[in-house]
Amino acid sequence: MSSKNIETYGEYYSIISEVSRVIPNCQFRSKTARLKTFTANQIDEIKDPSGLFYILPFQKGYLVNWDVQRQVWDYLFGKEMYQVDFLDTNIIITEPYFNFTSIQESMNEILFEEYQFQAVLRVNAGALSAHRYFRDNPSELCCIIVDSGYSFTHIVPYCRSKKKKEAIIRINVGGKLLTNHLKEIISYRQLHVMDETHVINQVKEDVCYVSQDFYKDMDIAKLKGEENTVMIDYVLPDFSTIKKGFCKPREEMVLSGKYKSGEQILRLANERFAVPEILFNPSDIGIQEMGIPEAIVYSIQNLPEEMQPHFFKNIVLTGGNSLFPGFRDRVYSEVRCLTPTDYDVSVVLPENPITYAWEGGKLISENDDFEDMVVTREDYEENGHSVCEEKFDI
Amino acid sequence: MVEKKTSVQAAPAPLLCARHNFAGPAHLVRSQDPGQRRVLDRAARQRRINRQLEALENDNFQDDPHAGLPQLGKRLPQFDDDADTGKKKKKTRGDHFKLRFRKNFQALLEEQNLSVAEGPNYLTACAGPPSRPQRPFCAVCGFPSPYTCVSCGARYCTVRCLGTHQETRCLKWTV
């Protein structure tokens with residue numbers, strides 16, 4: 001069967017096969033462009049993305065707003081983008097863990113009845129990452145996937161490609177919370193940026209890092225002048241001369257006194273590492289949940305004892321938040337502290353954590369028994385939702 | 001009743017960050033008589049914290065810029081327009097979708113009725129409380145903080161930060 005395979009992935013980004021492009025899965029409205037709502041990658045067309053208003057079909061990680069999602073899909077699958085021929089195409093779509101039955105049924109209906117895809121495979125994102133990991137390491141039987149995304153972080157153990165439902169842990173801290181927290185503290189301390197989600201998201205990605213020794217970095221950040229190596233000046237974009245924000249190089253920084261040029265500058269010191277620290281200690285801002293390393297150890301300890309060493313040896317970090325510099329080393333050192341010495345600990349960060357699950361999906365689609373895993377449209381029309389419920393393990 | 005947070009934002013500070021903008025000499029900072037200031041009880045403090053945490057879950061801080069604009073291109077009802085019934089059928093299908101599928105997250109969660117369900121589910125998967133105690137940080141500058149504001153319970157690290165806090169945020173909005 002020479003049918004094409006597409007895949008959409010995750011809450012924040014969609015990835016389409018063959019080109020492996022990462023596209024935002026939402027709509028945008030700008031206060032300058034009054035008439036138009038921009039969909040998905042049309043964000044590149046917006047001339048002035050200040051005060052950008054996001055419309056996300058997801059809420060807390062689950063798909064609630066089908067209007068917006070259908071508009072995004074109509075755009076992506078339609079004439080302007082990929083011109084998908086539905087009757088001849090298979091789709092692999094990822095869903096969050098413990099997805100609600102009403103959402104799953106709506107998804108079935110929309111994919112089969114409205115878009116009329118030939119065959120559908122619905123999986124958890126972690127299953128694709130695990131598949132990819134086991135392909136690289138065929139001798140390993142178990143792995144534990146840490147998927148740290150926009151709305152939350154999930155710790156999911158997989159044994160022989162089946163997830164261990166009783167040991168799944170969800171931490172309600174994700175990229176959105178980190179960006180909102182950064183917006184609040186910048187707005188209080190320096191400049192009102194509460195409307196500028198897009199800009200501050202870029203600041204977070206450029207400037208924040210995970211510190212290996214939190215209190216030592218705090219002490220360095222308190223120093224004044226040259227000795228404060230943590231402090232950085234970030235030039236905000238004004239969308240006329242400066243299109244994208246950037247950090248001022250160290251030589252150009254004016255450490256005491258004001259800058260002569262007219263640029264807007266943010267001076268960030270302890271915010272750089274205090275914000276990603278929330279992933280490791282959500283109690284820093286008052287969320288009474290354990291952080292990522294503690295949750296990994298807790299999850300593994302809820303599993304049978306014979307399997308535990310295998311899980312500790314195969315910890316995989318995926319998701320957008322794992323791109324913070326220093327993330328992997330910090331997770332390793334904290335998990336190492338919490339684990340008995342006779343177990344080996346190994347934490348793997350793939351080269352591209354965002355597309356890692358998508359690569360797993362690509363491998364699955366090339367698999368021989370792919371046809372047994374999917375549900376075809378004829379199947380669905382005969383048997384309805386029950387065949388999806390049996391075949392897909394969500 | 002809830003005051004919008006925009007009204008209490010400190011004015012855009014110059015290049016140096018807020019902690020250098022102290023209110024005055026140290027002995028004048030705490031000039032307000034402790035007896036005159038209102039003290040919030042534990043329930044009120046907890047409500048404030050909950051509200052701050054919920055605000056972190058928002059997608060957008062501002063309102064929709066397109067709200068309130070007239071819809072352009074909307075067809076006025078034409079009374080002899082019963083020729084294209086096929087197209088109309090699809091339109092009602094779309095509306096049907098909109099009505100059925102516009103539940104918000106909380107409604108969907110309650111529908112699942114998970115508290116009586118057995119086995120692992122969305123609610124049981126939530127991470128438990130941490131084993132280490134909460135680390136306090138100054139609400140003004142973000143450094144580790146030993147002291148607590150008497151009135152509202154916010155943390156601060158030095159008397160300077162206390163001054164800034166009392167001028168800008170202390171008891172400025174209450175739940």
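Residue numbers start from 1 in every chain, and the chains themselves are labelled A, B, ... in the order their sequence lines are given, proteins ahead of strands. What you are looking at is a predicted structure, and each value in this text was computed from that prediction instead of being measured.
- Distance check, rounded to the nearest 0.5 Å: NZ of A:Lys60 to CD of B:Gln106 gives 6.5 Å.
- Summarising the geometry of A:Met290 relative to B:Ala127, their closest heavy-atom pair is CG-CB, 4.0 Å, with the distance given to 0.1 Å.
- Neither the backbone nor the side chain of A:Glu196 comes within contact range of chain B, judged by heavy atoms closer than 4.5 Å.
- Looking at heavy atoms from C-beta onward, B:Pro130 lies in side-chain contact with A:Gln288 at the 4.5 angstrom threshold.
- Residue B:Tyr147 places its OH atom among 12 or fewer non-hydrogen atoms of other residues, nucleotides or ligands, all under 6.0 Å distant.
- Between B:Tyr122 and A:Phe152, the distance separating the two ring centers is not shorter than 6.0 angstrom.
- When every heavy atom of A:Asn172 is checked against every heavy atom of B:Cys126, the shortest pair comes out as ND2-SG, 3.6 Å.
- Between the OG1 atom in B:Thr124 and the NZ atom in A:Lys165 there is a gap of 10.0 Å [rounded to 0.5 Å].
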Query - Residues A:Met218, B:Phe137; criterion side-chain contact (heavy atoms from CB on, under 4.5 Å); working and verdict - result: CA-CA 11 Å; A:Met218 272 290 181; B:Phe137 293 100; 3.9 Å; yes
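- Taken from CG in B:Asn60 to CZ in A:Phe28, the straight-line distance is 10.5 Å, to the nearest 0.5 Å.
- At a 4.5 Å heavy-atom cutoff, the contact between B:Phe105 and chain A is made by backbone and side-chain atoms alike.
- More than 12 non-hydrogen atoms from other residues, nucleotides or ligands lie less than 6.0 angstrom from CD of A:Gln104.
- Contact record, B:Leu109 with A:Phe100: CD1-CZ, 3.7 Å, taken as the closest heavy-atom pair.
- For the pair B:Leu53 and A:Ile287, the tightest heavy-atom approach, listed with the atom from each and the gap, is CD2-CG1, 3.9 Å.
- Using a 4.5 Å cut-off between heavy atoms, A:Thr153 makes no contact with chain B at all.
- Here the side chains of A:Tyr215 and B:Arg135 are in contact, with some heavy-atom distance below 4.5 Å.
- Remark: B:Phe61 CZ to A:His192 NE2 distance equals 5.5 Å, nearest 0.5 Å.
- Counting only N and O atoms by type, the side chains of A:Gln59 and B:Glu57 include no donor and acceptor under 3.5 Å apart.
- Listed options A:Thr101, A:Leu63, A:Thr179, A:Ile55 were ranked by heavy-atom pairs under 4.5 angstrom with chain B; first place goes to A:Thr101.
- Considering A:Val173, A:Leu177, A:Leu178 as possible partners of B:Leu56, the one that fulfils the side-chain contact (heavy atoms from CB on, under 4.5 Å) test is A:Leu177.
- With chain A as partner, the option from B:Ala125, B:Gly119, B:Ser131, B:Ala139 having the largest number of non-hydrogen pairs under 4.5 angstrom is B:Ala125.
- Per-residue counts of heavy-atom pairs under 4.5 Å with chain B were compared for A:Ile171, A:Ile168, A:Asn270; the largest is that of A:Asn270.
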